[in-house]
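In what follows, a structure is listed as structure tokens, so that the remarks can point back to it.
Since the structure is predicted, the reported quantities are computational estimates derived from the model, not experimental observations.
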Amino acid sequence: MSPVAETAMVSVGVGIGGAVGSVLRFHIVRLSANPLSTILVNVAGCFLAGLCAGWFAKRGDSRWLLERTVMTGVLGGFTTFSAFGLDTVALARSEAPLQAVLYVGASVLGGLSAVAL
């Protein structure tokens with residue numbers, strides 16, 4: 001498969017997955033209509049991301065389109081907090097605990113500062 005065709009196929013998968021995840025998040029937040037729903041979505045997204053990352057790691061590269069559709073698309077549309085969680089754990093596991101702490105601090109403080117601005 002050519003790189004252009006592969007990129008197009010992954011883009012479509014991520015786009016469809018993102019739409020699914022965004023709609024799921026919308027309905028969960030709409031149904032509860034309080035800040036706890038955001039916590040629920042973030043924690044559930046992180047849990048699902050961890051489960052999926054482990055599952056895909058065991059299976060290798062044979063499901064690359066499914067992995068990108070689910071991880072980047074569905075879970076990315078559902079909550080970007082899952083990507084934040086995966087990145088933080090990956091840094092901590094790669095024996096870079098200081099980088100993990102700095103990543104968390106910069107993400108949280110930077111994000112809150114950007115919202116306040």
Side-chain angles (χ1 to χ4, degrees):
M1 176 179 310
S2 76
V4 172
E6 183 176 314
T7 299
M9 194 162 48
V10 170
S11 296
V12 169
V14 168
I16 291 169
V20 169
S22 297
V23 169
L24 286 171
R25 179 186 183 95
F26 169 77
H27 285 293
I28 289 170
V29 170
R30 184 181 66 84
L31 288 173
S32 99
N34 70 52
L36 293 179
S37 61
T38 300
I39 294 170
L40 172 70
V41 166
N42 287 340
V43 172
C46 287
F47 178 72
L48 292 171
L51 284 178
C52 290
W55 188 82
F56 285 119
K58 286 182 182 177
R59 270 122 188 103
D61 292 334
S62 64
R63 293 179 169 92
W64 58 271
L65 178 59
L66 179 62
E67 179 179 359
R68 283 159 184 82
T69 298
V70 170
M71 298 294 288
T72 304
V74 176
L75 294 176
F78 189 61
T79 173
T80 57
F81 200 75
S82 59
F84 169 75
L86 284 170
D87 290 345
T88 302
V89 170
L91 282 171
R93 284 186 176 164
S94 69
E95 299 181 16
L98 178 59
Q99 285 180 325
V101 169
L102 291 173
Y103 178 72
V104 168
S107 296
V108 172
L109 295 176
L112 292 175
S113 298
V115 168
L117 288 174

Given the rule that I, L, V, M, F, W and Y join up when any side-chain heavy atoms are under 4.5 Å apart, are L40 and V20 in one cluster? yes
Assigning hydrophobic clusters by single linkage (Ile, Leu, Val, Met, Phe, Trp, Tyr; side-chain heavy-atom cutoff under 4.5 Å), is L24 placed with L75? no
Grab the two heavy atoms, one from R25 and one from N42, that are nearest each other, plus how far apart they are. NH1-OD1, 3.8 Å
When you measure from the side chain of S22 to the backbone N and O of A19, does any donor-acceptor pair fall under 3.5 Å? no
L66, V74: one ILVMFWY side-chain cluster at the under-4.5 Å cut-off? no
Where is the tightest heavy-atom contact between R68 and V10, given as atom of each residue plus distance? CD-CG1, 3.8 Å
Starting from I28, can I reach V43 by hopping between I/L/V/M/F/W/Y residues whose side chains sit under 4.5 Å apart? no
Rounded to the nearest 0.5 Å, what separates atom OG1 in T69 from atom CE in M9? 9.0 Å
Any non-hydrogen side-chain atom of I39 less than 4.5 Å from a side-chain atom of L36? yes
Could you pull out the closest heavy-atom pair between A44 and F78, with the gap in Å? CB-CE2, 4.3 Å
With a 4.5 Å limit on heavy-atom distance, are the side chains of Y103 and S107 in contact? yes
Measuring from E6:CD to S11:OG, what's the distance to the nearest 0.5 Å? 10.5 Å
Please name the pair of heavy atoms, one in L86 and one in A53, separated by the smallest distance, quoted to 0.1 Å. CD2-CB, 4.0 Å
Using a 4.5 Å cut-off on heavy atoms from C-beta on, say whether the side chain of F81 contacts that of V41. no
Do the side chain of S94 and the main chain of L91 share a donor and acceptor less than 3.5 angstrom apart? yes
Of the non-hydrogen atoms in A49 and M71, which two are nearest, and what is the gap between them? O-CE, 3.6 Å
Heavy-atom nearest pair, T88 first then V104, reads CG2-CG2, 3.5 Å
Hydrophobic cluster membership, with links at side-chain heavy-atom distances under 4.5 Å among I/L/V/M/F/W/Y: are F84 and L109 in one? no
